[in-house]
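Lettering follows sequence order; numbering is per chain, from 1.
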Amino acid sequence: MPAGTLYRGREGMWSWVAHRVTGVLIFFFLFVHVLDTALVRVSPEAYDDTIAVYKTPVVAVMEYGLVAAVLFHALNGLRVVAVDFWSQGTRYQKQMLWTVVGLWLVLMAGAAYPVLGHAVREVFGS
Amino acid sequence: MSAVSSVSASEGTSPDNPAPLIEPPRARTARTPKATRTNFELYGWVFMRLSGIVLVVLVLGHLLIQLVLDGGVSKVSFAFVAGRWASPFWMAWDLIMLWLAMLHGANGLRTIINDYAQRDGTRFWLKMLLYTATVFTVLLGTLVIFTFDPNIR
């Protein structure tokens, strides 16, 4: 980063940026999700027809993105708690971020088949 | 406006001419605006951390059930919802998750609005919109969980 910028860059700032962006994305999805779930009070058909959208290949990719956002926000949130409450938290904040990233990669690899498998089968045939 | 008296620092101090009293930073005085006399921001900060820890369990468990186990999203249907909400345990799980996630998210967005919306009017109206949407969504979700009828049709 060039000198004279407002923020300090590196792991601390970028994890903070990613935490904000993922938080906003998850919150907007939450509004939609409560509304679609509320359709169970309309009729089983209204609910099932809407949930069918969630089963399409394009939305499956978006669900994988949602999982990515939630997993990062959850793991990095635990890191933030550790930075705030663990006496060594600030000293190890970079190591904890790379731990978060590593765990995130493992969990994302594990979620790939369950979340995207049905979409791949639908697009490329079973 | 300044809490420091007009005594110049260059004049020597003595028992008859004491050093000016400087209030500690953020001390609450009679001049403190009413809006900042409570510990609301402290409680908000603590709430984000406590609710966040609980939400890690509730939300990751929710994702596991809905998107990974037993066929993933393909098995979600009205009948699946009815099966889960037949149990008070899952009703409580979803209700607590709804309230904590909405309040956690609303407080997060409140922080972001305070950070980036610079004009007083913009900040006020964005937060009114946020609070309206939040109250509506929390009440709607709560109503749906408590009034769910598996035999609606």
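A salt bridge does not link A:Lys55 to A:Glu63: none of the charged side-chain nitrogens sits closer than 4.0 Å to a carboxylate oxygen. Ion pairing between a basic and an acidic side chain is recognised when a charged N comes within 4.0 Å of a carboxylate O; B:Asp149 and A:Arg41 show no such pairing.
For a heavy-atom cut-off of 4.5 Å, chain A lies close to B:Trp45, B:Arg49, B:Ile53 in residues 43-55 of chain B. Residues of residues 137-144 of chain B that come closer than 4.5 Å to chain A, counting heavy atoms only, are B:Thr137, B:Leu140, B:Gly141, B:Val144, ordered by residue number. Listed by sequence position, B:Leu98 are the residues of residues 91-99 of chain B in contact with chain A, using a 4.5 angstrom heavy-atom cutoff. Within residues 92-111 of chain A, no residue has any heavy atom under 4.5 Å from a heavy atom of chain B.
Contact detail for A:Pro44 and B:Ile152: the closest heavy-atom pair is CD-CG2, 3.4 Å. Listed here is the closest heavy atom pair of B:Ala101 and A:Leu30: CB-CD2, 3.6 Å. Closest approach of A:Ala46 to A:Ser43, counting heavy atoms only: N-OG, 3.0 Å.
Interatomic distance, B:Phe136 CZ to A:Leu35 CG, rounded to the nearest 0.5 Å: 6.0 Å. Taking CZ from A:Arg121 and OG from B:Ser74, the interatomic distance works out to 7.0 Å, rounded to the nearest 0.5 Å. Between atom CD1 of residue A:Ile51 and atom NZ of residue B:Lys75 there is a gap of 11.5 Å, rounded to the nearest 0.5 Å. With rounding to the nearest 0.5 angstrom, the NE2 atom of A:His73 is 11.0 Å from the CZ atom of A:Phe27. To the nearest 0.5 Å, the span separating CD on A:Gln88 from OG1 on A:Thr90 amounts to 7.5 Å. Of the inter-residue distances, the one linking A:His118 atom NE2 with A:Glu122 atom CD reads 8.0 Å to the nearest 0.5 angstrom.
Both the backbone and the side chain of B:Ala133 have a heavy atom closer than 4.5 Å to some heavy atom of chain A. Neither the backbone nor the side chain of B:Ala82 comes within contact range of chain A; no heavy atom of the residue lies under 4.5 Å from a heavy atom of that chain. When heavy atoms are compared at a cutoff of 4.5 Å, B:Val73 approaches chain A by way of both its backbone and its side chain. With a threshold of 4.5 angstrom between heavy atoms, A:Phe85 approaches chain B through side-chain atoms but not through N, CA, C or O. In this structure, chain A has a heavy atom under 4.5 Å from the side chain of B:Leu109, while its backbone stays farther away. With a threshold of 4.5 angstrom between heavy atoms, B:Asp115 approaches chain A through side-chain atoms but not through N, CA, C or O. For a residue to count as touching a neighbouring chain, one of its non-hydrogen atoms must lie under 4.5 Å from one of that chain's; by this rule B:Val59 touches chain A with the side chain only.
For B:Phe148 and B:Phe78, the distance between ring centers is under 6.0 angstrom.
In the hydrophobic cluster analysis, where Ile, Leu, Val, Met, Phe, Trp and Tyr join through side-chain heavy atoms closer than 4.5 angstrom, B:Tyr116 is grouped together with A:Val24. Under a hydrophobic-cluster definition in which Ile, Leu, Val, Met, Phe, Trp and Tyr are linked whenever side-chain heavy atoms come within less than 4.5 Å, directly or via other members, B:Val76 and A:Val61 are assigned to the same cluster. One hydrophobic cluster holds both A:Leu75 and A:Trp14 under the rule that ILVMFWY side chains link at heavy-atom gaps under 4.5 Å.
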Item to complete: Carefully, step by step, assess A:Arg79 and A:Asn76 under the rule side-chain contact (heavy atoms from CB on, under 4.5 Å).
Response: CA-CA 5 Å; A:Arg79 167 178 164 269; A:Asn76 191 57; 2.8 Å; yes

Item to complete: Output, in order, the C-alpha distance, side-chain angles, deciding distance and verdict of side-chain hydrogen bond (donor to acceptor under 3.5 Å, both in side chains) for A:Asp36 and A:Tyr47.
Response: CA-CA 7 Å; A:Asp36 69 54; A:Tyr47 181 77; 5.3 Å; no

Item to complete: Could you check B:Gln66 against B:Phe80 for side-chain contact (heavy atoms from CB on, under 4.5 Å), going step by step and ending with a plain yes or no?
Response: CA-CA 10 Å; B:Gln66 303 293 328; B:Phe80 181 75; 3.7 Å; yes

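Applying the 6.0 Å contact sphere to CH2 of A:Trp16 captures more than 12 heavy atoms from other residues, nucleotides or ligands.
B:Thr111 contributes a side-chain N or O that, together with a main-chain N or O of B:Asn107, makes up a donor-acceptor pair within less than 3.5 Å. B:Arg123 contributes a side-chain N or O that, together with a main-chain N or O of B:Ala117, makes up a donor-acceptor pair within less than 3.5 Å.
Among the candidates B:Leu69, B:Thr134, B:Leu60, B:Thr147, the residue making the largest number of heavy-atom pairs closer than 4.5 Å to chain A is B:Thr147. Looking only at heavy-atom pairs under 4.5 Å with chain B, the residue among A:Ala60, A:Gly23, A:Ala74 that has the most is A:Ala74. The choice from B:Leu63, B:Val81, B:Ile112 that makes the most heavy-atom pairs within less than 4.5 Å of chain A is B:Ile112.
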